[in-house]
Trainee: 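One structure coming up, written as structure tokens, with questions to follow.
To find a chain, count down the sequence lines: A is the first, B the second, and so on, and within it residues start at 1. Keep in mind it's a predicted model, so treat the numbers as computed, not measured.
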Amino acid sequence: MSQESARKILVAVAWPYCNGDLHIGHIAGAYLPADIFARYQRLRGNDVLMVSGSDTHGTPITVHAEELGISPREVIDRYHPRILELWQKFGISFDLFTETDTENHWQVTQDFFLTHLHNDYIYKAEMEQLFCLDCQRFLADRYVEGTCPYCGYPHARGDQCDNCGRTLDSIELINPHCKICGGTNLEHRKTEHFFLDLGKLNPPLVDWINDGQKEHWRPSVLNFARAQLESGELHGRPITRDIKWGIPVPLPGYEQKSIYVWYDAVIGYLAASKEWSQNVGRPEAWREWWQQPEARSFYFIGKDNIPFHAIIWPGMLIGYGGLNLPYDVPANEYLNVEGQQLSKSRHWVVEGLDVLERYDPDPWRYVLAANAPETQDIDFTWEEFVRRNNNELVATWGNLANRALSFCYKRFDGRVPTPGVLDQRDEALLALSAEAFDKVGALLDAVKLRNAITEVMGLAHEANRYLNEKEPWKRIKTDPAAAATTMYVCLQVIDRLKVLFLPFLPFSSQKLHTFLGYDDDIMGRQFVEKYKETEREHLALRYDGSALAERWEPTTLAPGQPLRKPAPLFVKLDESIAEAETARMLAHLG
RNA sequence: GGCGGCGUAGCUCAGUCGGUAGAGCAAACGGCUCAUAAUCGUUGGGUCACAGGUUCAAGUCCUGUCGCCGCCA
């Protein structure tokens, strides 16, 4: 392994709207890749800070609240704990997963706003908005419905038409009506708002995207950002709106307005880093990830978020000054299910918490990593899920561990056999397993997770091949010492595979760790804590990996080490479940 | 409408700098019996969406067409 010193790695993950349960598309797109990457970097000895939180602002929350007849805060209190539960059950190891309705987040956001204003990257301008005369309020995007001017769909929202997918400006709608009172007593009214001056940020952003240090970016992300920036057509974007739920504009006279959710959500990365620093009792620690020049930040997002993370957020950081810009934005494409795009409104979803009621997390982690949507949209099918679980995870890796452990447990007195002299074949396999750390590590550093897990699985195949060639079950009758050597080599490789698989399959690697006779913790501990600020309190998820016993390097298994009674690492699934799960989904399809 | 991406084996997907098309699964045959009927080996299978162009050479670069996806207006 390389001897370079620990590097600060910020793993920033998209902030999910806190208005419902998350589905496997969210997980495959951002959270799982981020977790695999973070776990690997920790094993590697780097200092990882992985942050995100529930996005509690914006109209998706307030609309949902009004539908249920409860307050926005109650919506958050309903779903935020469920998101925390999902991360724990799925093993998504956030150092801090918080939310945006905190005093800290408000403060950091308002500081950003005032600094942008002071640095002259914010200007004021008037714009036309729809105003409901009956409700006496402005109607932000989702509070108005009407006929789409492009496709004629009668239920288009003020921000987007769900039928043709176009983004809209609410004043474009034909026959608009207020979604609150249902009335059509609307008028166009001028309203003053603050705008982020992206036009002014365009030139420095072009310099940044062309600084010659973006070769490791995914082409789709880099091409998109570069094309947008080089067009030179960035224009001011409103950062306030006429809505009460949100972060107050920190200036007198704007009490009826709030900061637009897109502006405060991305600031969450910094706010959460600061909150984490407070929580661990080192209030200035965040600077190590945000200000050290050699620190690296990785933003794990879905492709719909590329404009915000590869253009707008870097622009905001430039406008603020003194903070590191993204080192990489490994955005994923979409995960479709059974040929259709996931959609909450159409009830075409596979929800994370729901499937964990019926299946273990590691099969999901395996399937979603082995077929991650890194280069294009991916079609997830239940048949594929069962197949990959049964024919790859169970058959290749689970069975390798089980056949070797069972054999040693029964025939070698429940201990790691003591090897004799190693032959060429033994040495070759051990060398291969040692080299895998560099090979897989390089792929993980480059965020090529699918290639990485395929590589690890390839080593498991090789170990199966080795066993078949050596036939220790035959040799033990004629030459027990040779069989012992073979089984030692095999267990040694399995012990290394355990580490190589650890970022991907933490639960089963931990289980295997104990079967191999170890007692310590290799996956870390997740816990939820309640944090009290001056007036508010919130729940947040934390992670403690300080006691991690493993490193990303070839292990050495001690001969004679007592083994524990082995059991299969993974459950084989009945093929009928594919049909059952698909039928279940079709039944809910709206 | 503008911009960007995608279209590769029956299925799901790789394919770096242009150099005779790859993996897994599915199918067929064989070996083994330690293991969750798991494993290991062998074999078959492609007009790289379509039409042009550049080149000694194109899945890869360029132009156009068709289809799908996303972003922006």
Side-chain angles (χ1 to χ4, degrees), chain A residues 149-150 160 165-169 172 198 215-216 218-235 237 302-312 331-336 338-341 367 370-412 443 446 448 450-451 453-455 457-458 460-477 483 486-487 490-491 494 566-575:
Chain A
Y150 299 99
Q160 187 180 2
R166 286 174 199 265
T167 48
L168 306 173
D169 190 328
E172 294 178 287
L198 285 166
E215 286 81 9
H216 55 284
R218 293 183 179 170
S220 60
V221 180
L222 185 57
N223 290 342
F224 175 83
R226 186 171 277 156
Q228 295 287 313
L229 291 170
E230 288 183 345
S231 76
E233 288 166 359
L234 295 190
H235 50 272
R237 192 180 170 105
K303 65 175 169 184
D304 52 325
N305 247 327
I306 292 172
F308 286 105
H309 292 79
I311 296 172
I312 295 176
N332 270 349
E333 310 290 311
Y334 284 154
L335 180 88
N336 297 323
E338 306 282 352
Q340 298 192 53
Q341 192 165 339
V367 171
N371 204 192
E374 288 178 356
T375 53
Q376 61 177 342
D377 289 357
I378 288 289
D379 191 36
F380 171 93
T381 63
W382 281 98
E383 198 182 323
E384 170 93 348
F385 173 73
V386 174
R387 185 189 69 65
R388 280 195 186 265
N389 178 75
N390 290 356
N391 299 343
E392 296 179 18
L393 192 58
V394 173
T396 304
W397 171 224
N399 183 53
L400 170 68
N402 194 231
R403 70 193 291 208
L405 284 168
S406 299
F407 191 70
C408 289
Y409 194 78
K410 284 184 215 158
R411 309 299 296 273
F412 288 96
L443 290 168
K448 294 182 174 176
R450 185 170 50 190
N451 286 352
I453 198 169
T454 303
E455 188 70 33
M457 199 53 104
H461 269 122
E462 191 57 38
N464 273 320
R465 198 169 298 133
Y466 167 83
L467 274 186
N468 280 29
E469 287 172 23
K470 288 283 189 178
E471 299 183 308
W473 48 90
K474 276 187 185 167
R475 293 295 287 283
I476 197 168
K477 296 169 188 162
T486 295
M487 291 317 296
C490 187
L491 285 190
I494 287 171
L569 287 179
F570 309 104
V571 180
K572 189 166 179 178
L573 298 171
D574 193 297
E575 282 176 21

Trainee: OP1 or OP2 of rC72(B) versus the side-chain N and O atoms of H235(A): is any pair under 4.0 Å?
Mentor: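 No, because none of the side-chain N or O atoms of H235(A) sits under 4.0 Å from OP1 or OP2 of rC72(B).
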Trainee: Pick base, sugar-phosphate or nothing for P568(A), based on heavy-atom distances below 4.0 Å to the nucleic acid.
Mentor: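 Since a base atom lies under 4.0 Å of P568(A), the category is base.
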Trainee: Who is the Watson-Crick or G-U wobble partner of rC66(B), with both distances under 3.5 Å?
Mentor: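 rC66(B) is paired with rG7(B).
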Trainee: Quickly, which of D304(A), I378(A), D379(A) forms a side-chain contact (heavy atoms from CB on, under 4.5 Å) with Y334(A)? Name it, please.
Mentor: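 Option passing the side-chain contact (heavy atoms from CB on, under 4.5 Å) with Y334(A): D304(A).
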Trainee: Can you tell me whether the side chain of N399(A) and the base of rA35(B) have a donor-acceptor pair closer than 3.5 Å?
Mentor: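 Flag set: donor-acceptor pair detected.
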Trainee: With sugar-phosphate meaning primed atoms plus P, OP1 and OP2, does K572(A) contact a base, only sugar-phosphate, or nothing at under 4.0 Å between heavy atoms?
Mentor: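 Base, at least one base atom sits under 4.0 Å.
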Trainee: Regarding L569(A), tell me which of base, sugar-phosphate or nothing describes its non-hydrogen contacts under 4.0 Å with the strands shown.
Mentor: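 L569(A): base contact, heavy atoms under 4.0 Å.
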Trainee: Classify the nucleic acid contact of R411(A) as base, sugar-phosphate or nothing, counting any heavy atom under 4.0 Å across all strands shown.
Mentor: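 No contact.
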Trainee: Does F407(A) stack onto the base of rC34(B), taking stacking as ring centres under 5.5 Å apart and planes under 30° apart?
Mentor: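 Not stacked: fails the 5.5 Å / 30° test.
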Trainee: Does the base of rU39(B) carry an N or O that pairs as donor and acceptor with the side chain of N468(A) under 3.5 Å?
Mentor: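 Answer yes: a donor N or O sits under 3.5 Å from an acceptor.
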Trainee: Using a 4.0 Å heavy-atom cut-off, does D379(A) contact any base of the nucleic acid, only the sugar-phosphate backbone, or nothing at all?
Mentor: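 Touches sugar-phosphate only.
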Trainee: Which part of the nucleic acid, if any, lies within contact of F570(A), taking any heavy atom under 4.0 Å across all strands shown: a base, the sugar-phosphate backbone alone, or nothing?
Mentor: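 The residue F570(A) makes base contact.
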Trainee: Determine, step by step, whether R475(A) and E471(A) satisfy the salt bridge (Lys or Arg N to Asp or Glu O under 4.0 Å) criterion, reporting the C-alpha distance in whole Å, the side-chain angles of both residues, the deciding distance to 0.1 Å, and the verdict.
Mentor: CA-CA 6 Å; R475(A) 293 295 287 283; E471(A) 299 183 308; over 6 Å; no
Trainee: With both distances under 3.5 Å as the test, what is the Watson-Crick or G-U wobble partner of rA37(B)?
Mentor: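 Looking at the geometry, rA37(B) pairs with no nucleotide.
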Trainee: Hey, does I476(A) reach any base, or is it just sugar-phosphate, or nothing, if we go heavy atoms under 4.0 Å?
Mentor: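 If one applies the 4.0 Å heavy-atom cut-off, I476(A) turns out to touch nothing in the nucleic acid.
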Trainee: For rA23(B), give the paired nucleotide (Watson-Crick: N1-N3 plus N6-O4 or O6-N4; G-U: N1-O2 and O6-N3; both under 3.5 Å), or none.
Mentor: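 Check on rA23(B): paired to rU12(B), both distances under 3.5 Å.
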